[in-house]
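First comes the structure, then the notes that go with it.
Each ligand, and each atom within it, is numbered from 1 in the order the structure gives. Here the structure is a predicted model, which means the values were calculated and not measured. Numbering starts at 1 and runs along the sequence shown.
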Amino acid sequence: MTSKQNQWIVGINAVAAAVEHDAENVREVLLEAGAKNPRIVEIESAARRRDIDVRRVNQQALDGVAGGLRHQGAAARYAAAKTWDENELEGLVEAAEGKALLLVLDGVQDPHNLGACLRSAAAAGVTAVVIPKDKAVQVNATVRKTSAGAADSIPVVRVTNLSRTLRDLQKLGVWIYGLAGEADASLYALDLRGNVALVLGGEADGLRRLTREHCDQLVTIPMPGGDAAAGVESLNVSVAAGVTLFEAVRQRIVG
Ligand SMILES: C[S@@+](CC[C@H](N)C(=O)[O-])C[C@H]1O[C@@H](n2cnc3c(N)ncnc32)[C@H](O)[C@@H]1O
């Protein structure tokens, strides 16, 4: 793992997850003075148990660190933004023992979409989420907040060259499915129970050409109501990620 500069994360879920999963990187927690919300009280005792400094402050102080985001009376200062290095991906796949479930995002730009993807990915129990280091939104304060803590509880692996990563994953026995609305094969015809990577494209451009070329198969999520005339040509990337991940979850539960 590598680390970056100090940054604030805000919101009850994000702060609770940081305190629970990443206490060594949380330098202090600010909670609204007088707030009786039981979740805030829980955060306070969890932080104190882990020897994290806790200060009760007024709303203005929280507004000041939240930078316009809704803080819900809770903020935490990170000494380090935790990120995973690409050479850790192999170990994560191997530890999944033939059942790795990877979400790969090829150039998502909107922090709310990335946050929503991370939240669904965590709920689906993914092995890791892979994002490119360039030309894509990174895990920032808005992503952390939107992800409801997921950004700190699952491995988010940043890679330099997505095509090379997909090739390396193939060598590890991971089957690469690219999600593309115009593909012929249906998501619901796939077997998603083994090592799989689900690759989704960015909001405007979808999957890049090189990324497509490195997929073993392109597949579509059938949209019976999808119609250019109706203005609905594709799903939002975070919705597509949710549908795809939870089809994999369904198959893994049914067996
Ligand atoms: C908003 S869409 C991108 C639309 C973009 N204009 C394009 O040409 O692909 C973002 C991503 O969500 C996924 N996606 C959205 N709708 C989909 C569908 N019906 N089937 C498969 N993937 C879909 C794809 O991976 C797509 O790249």
Side-chain angles (χ1 to χ4, degrees), residues 89 100-124 126-140 142-143 146-147 150-151 154 156-159 161-167 169-170 174-252:
L89 199 50
L101 177 58
L102 299 160
L103 178 67
V104 180
L105 299 171
D106 180 24
V108 168
Q109 306 294 328
D110 181 325
H112 295 98
N113 281 341
L114 178 58
C117 286
L118 294 181
R119 184 175 183 163
S120 297
V126 293
T127 308
V129 176
V130 177
I131 60 172
K133 281 184 184 164
D134 291 324
K135 299 188 180 139
V137 66
Q138 303 297 302
V139 177
N140 59 26
T142 307
V143 173
T146 315
S147 78
I154 53 171
V156 180
V157 181
R158 298 169 64 237
V159 301
N161 181 326
L162 195 57
S163 302
R164 187 178 64 205
T165 299
L166 294 178
R167 256 199 323 272
L169 287 171
Q170 280 165 328
V174 178
W175 197 259
I176 314 288
Y177 290 111
L179 274 290
E182 73 285 2
D184 292 327
S186 163
L187 170 70
Y188 302 113
L190 308 180
D191 182 346
L192 300 173
R193 291 170 299 175
N195 279 332
V196 291
L198 307 168
V199 190
L200 283 87
E203 294 86 350
D205 300 333
L207 295 176
R208 289 176 296 173
R209 181 182 58 78
L210 266 182
T211 305
R212 280 170 187 263
E213 287 173 11
H214 283 84
C215 291
D216 292 304
Q217 191 175 355
L218 295 179
V219 297
T220 186
I221 301 166
M223 299 196 310
D227 176 357
V232 184
E233 291 178 58
S234 65
L235 298 168
N236 171 282
V237 60
S238 68
V239 173
V243 169
T244 311
L245 286 166
F246 280 87
E247 170 59 12
V249 169
R250 185 193 69 76
Q251 291 188 15
R252 287 161 190 234

Would you tabulate the polar-atom pairs, meaning N/O of ligand 1 against N/O of the protein, with distances under 3.5 Å, reported to 0.1 Å?
{"unit_1": "ligand 1", "atom_1": "6 (N)", "unit_2": "Ala204", "atom_2": "O", "d": "3.2"}
{"unit_1": "ligand 1", "atom_1": "16 (N)", "unit_2": "Leu235", "atom_2": "N", "d": "2.9"}
{"unit_1": "ligand 1", "atom_1": "19 (N)", "unit_2": "Ile221", "atom_2": "O", "d": "3.0"}
{"unit_1": "ligand 1", "atom_1": "20 (N)", "unit_2": "Ile221", "atom_2": "N", "d": "2.9"}
{"unit_1": "ligand 1", "atom_1": "25 (O)", "unit_2": "Leu179", "atom_2": "O", "d": "2.7"}
{"unit_1": "ligand 1", "atom_1": "25 (O)", "unit_2": "Gly201", "atom_2": "N", "d": "3.0"}
{"unit_1": "ligand 1", "atom_1": "27 (O)", "unit_2": "Gly201", "atom_2": "N", "d": "3.2"}

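- Listed by chain and residue number, nothing satisfies the salt bridge (Lys or Arg N to Asp or Glu O under 4.0 Å) test with Arg252 (two or more places apart in sequence, or in another chain).
- Judged by distance alone, with hydrogens and angles left aside, the side-chain atoms of Gln251 form a donor-acceptor pair with the main-chain N or O of Leu190 at under 3.5 Å.
- Closest heavy-atom contact between Leu207 and Gly201: CD2-N, 3.4 Å.
- In this structure, the side chains of Leu114 and Asn140 stay at 4.5 Å or more apart for every pair of heavy atoms.
- Note on Arg193 versus Glu247: no salt bridge recorded, every NZ/NE/NH1/NH2 to OD/OE distance being 4.0 Å or above.
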Discussion item. Evaluate Tyr177 against Asp216 for side-chain contact (heavy atoms from CB on, under 4.5 Å), listing each step before the verdict.
Written reply: CA-CA 6 Å; Tyr177 290 111; Asp216 292 304; 5.9 Å; no
